Amino acid sequence: MTNMNDQAIPNFIPTGEATAWLPVPGGLPPIKVIGTPTIRGGLDAMCIKQAINTRLSPGVTEVVLNPDAHGGYGAPIGCVMVSPSHIYPGPVGVDIKCSMSLLQLDAPADAVIDKPTRRALIDAILERTPTGPGRGQRQAKKGRYVDATLGRRVVTEGASEGVLRELGVPTEWALRCEDSHHVGHDETADALHKRLELLTREARQYQVFADKMRQLGSYGGGNHFGECEVVQVEPTQRERAAVFGLRDGHVAFLSHCGSRGWGALLADGQFKAMQQKFAKWGIPLPGGDRHMVHAPLGTQEANDYLDDMALGANFATVNHMLINALVLDAFQEVLPGIKGSLVYFISHNIARREVVNKSLAWVHRKGATRAFPAGHHALAGGPFEKAGHPILLPGNPKDGSSVMVAEEGAKFSCYSVNHGAGRAMSRTAASKTLNQREVDESLLRADIMTNCRQYPIDEAPKAYKDFNEVIKSVTQAGLASEVARLKATFVIKDGDKADD
DNA sequence: ATGTCC
């Protein structure tokens with residue numbers, strides 16, 4: 001941890017109610033900061049230091065710091081980094097294509113209000129979707145088996161019609177994905193087949209791959225979760241809510257998960273490979289930070305990273321699609337006849353090639369969400385062309401989570417918003433400061449049930465920033481508007497397993 | 001984030 005006292009207070013230059021510049025040395029354009037004065041004042045020293053280092057790194061043309069930003073590895077979590085010439089693994093994040101999904105169910109809130117029903121749903125979901133590091137189909141009594149043969153298709157095709165059919169996932173859900181599939185560096189799936197072939201050439205490596213594939217349809221640990229919600233549509237946003245398929249006063253299910261062990265393996269492999277090259281060639285690391293390795297586009301190193309990122313992203317996409325199918329299956333077991341439809345699936349840890357200031361660049365979003373408003377060229381021909389696409393932001397079980405939609409002002413932040421509340425305390429600080437009983441009792445008082453006998457203390461609502469202040473920042477900055485608030489009725493988290 | 005360090 002960086003000592004707060006040895007850092008200069010950052011000299012933000014306010015440009016609006018919730019926007020500011022953060023100047024950087026060397027005459028480069030400043031970092032764009034989204035956040036009310038309260039949010040800006042709460043940004044930790046490591047976050048500021050990493051944001052400046054990111055801005056000063058080779059080939060970087062823009063950095064946006066979102067209100068949920070905090071220190072991470074290399075680049076802050078909660079930042080956007082744009083480069084037309086380079087690709088950076090650090091500013092994508094370790095959990096490649098960590099994402100949010102929202103499943104709308106056609107039952108009114110009353111259907112899941114009584115405790116026995118909620119408990120039955122928690123059990124039914126856990127029988128199908130295990131949680132935690134290393135967990136996968138071996139722990140699922142009613143999961144779906146994914147072998148290495150299907151796994152190959154999952155990571156090279158993503159949520160293709162064939163893969164979704166094979167897994168029993170409604171094929172129309174692919175239209176509700178930010179990117180239903182990812183291709184390799186040369187825009188083909190063939191590049192991914194070749195890369196996977198190389199990565200799994202040895203028997204031992206192939207076994208590791210097969211093992212990771214068995215995690216498909218499972219939640220991770222840490223901040224990953226599944227949460228049953230009641231939808232509260234903003235009265236002024238009924239039209240957009242209808243386009244999204246949101247139903248006021250009805251039950252929905254919000255999920256946060258990523259590419260699991262497979263994505264971590266790929267990201268880790270890329271860090272190591274690039275770090276070795278930097279050492280071998282004596283290239284200086286930006287700010288001496290080994291998580292800020294990078295490669296110029298067109299090089300073998302950049303191509304390999306882009307292929308690995310796509311292989312990880314495809315797993316993450318199908319993982320979420322399968323989780324939603326399994327969750328729907330669980331709901332149907334407990335509440336026969338209930339129907340569900342995917343509202344949206346959107347990532348907050350990925351690099352995408354997008355038009356920024358009229359030219360193509362790689363937009364790295366690390367704990368940041370794409371935010372294309374109505375009429376954005378990339379939405380043409382899709383279901384969200386005229387409304388803008390849904391933005392899914394997890395807050396906390398007590399204050400709720402949010403469905404937002406981008407406004408024209410999002411151009412300022414390279415068409416991006418935050419990815420949630422953002423941590424206010426480190427995990428260790430949370431464990432030291434917060435009281436376990438208080439955390440559990442506050443959830444109980446709010447009538448929020450969980451699968452954990454003890455809620456993971458480092459995931460307590462108080463370990464996160466004030467979600468309402470974060471949403472206020474986004475709204476006041478003119479980036480997006482809230483369409484609906486989601487209020488938790490039960491939460492599934494990794495921790496304190498009764499079956500261990 | 002990750003069976004959590006080479």
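Residue numbering restarts at 1 for every chain, and letters A, B, ... go by the order of the sequence lines. Model, not experiment: these values are computed from the prediction.
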Inset, instruction - Whole angstrom is fine here: how far is it from CG in D458(A) over to P in dT2(B)? - result: 13 Å
Inset, instruction - Assign G93(A) to base, sugar-phosphate, or nothing according to its heavy-atom contacts below 4.0 angstrom with the strands shown. - result: nothing
Inset, instruction - Can you label the angle between the F331(A) ring and the F253(A) ring as parallel, tilted or perpendicular, going by 30° and 60°? - result: perpendicular
Inset, instruction - Measure from CG on N319(A) to P on dT2(B) and round the result to the nearest Å. - result: 10 Å
Inset, instruction - Have a look at D211(A) and say if it touches a base, only the backbone sugar-phosphate, or nothing, with a 4.0 Å heavy-atom cut-off. - result: base
Inset, instruction - Could you check which of dG3(B), dT2(B), dA1(B) has an atom nearest any side-chain atom of R138(A)? - result: dG3(B)
Inset, instruction - Check the angle between the aromatic planes of H291(A) and F271(A) and answer parallel, tilted or perpendicular using the 30° and 60° thresholds. - result: perpendicular
Inset, instruction - Starting at atom OH of Y73(A), determine the distance to atom P of dC5(B), rounded to an integer number of angstrom. - result: 7 Å
Inset, instruction - Can you tell me the distance, in whole Å, between the CZ atom of R260(A) and the P atom of dT2(B)? - result: 5 Å
Legend entry - For atom CZ of R427(A) and atom P of dT2(B), their distance in whole Å: 10 Å
Legend entry - Distance below 4.0 Å between Q215(A) side-chain N/O and dG3(B) OP1 or OP2: yes
Inset, instruction - Please confirm whether R260(A) makes a cation-pi placement over F315(A), using NZ or CZ under 6.0 Å from the six-membered ring centre and within 45° of the ring normal. - result: no
Inset, instruction - Show your reasoning for whether ring-ring contact (aromatic ring centres under 6.0 Å, His included) applies to F384(A) and H389(A). - result: CA-CA 5 Å; F384(A) 304 117; H389(A) 63 79; 7.3 Å; no
Legend entry - NZ/NE/NH1/NH2 to OD/OE distance under 4.0 Å, E459(A) and R423(A): yes
Legend entry - Phosphate OP1/OP2 of dA1(B): any N223(A) side-chain N/O under 4.0 Å: yes
Inset, instruction - Mind calculating the distance between CG (D268(A)) and C1' (dT2(B)) to the nearest angstrom? - result: 8 Å
Inset, instruction - Determine: side-chain N/O of K212(A) to OP1/OP2 of dG3(B), distance under 4.0 Å, yes or no. - result: yes
Inset, instruction - Report the distance from atom CD of Q270(A) to atom C1' of dT2(B), rounded to the nearest whole Å. - result: 16 Å
Inset, instruction - Would you classify G258(A) as touching base, sugar-phosphate or nothing, given that sugar-phosphate means primed atoms plus P, OP1 and OP2, and contacts are heavy atoms under 4.0 Å? - result: nothing
Inset, instruction - Check the distance between dA1(B)'s C1' and H320(A)'s NE2 and give it to me in whole angstrom. - result: 13 Å
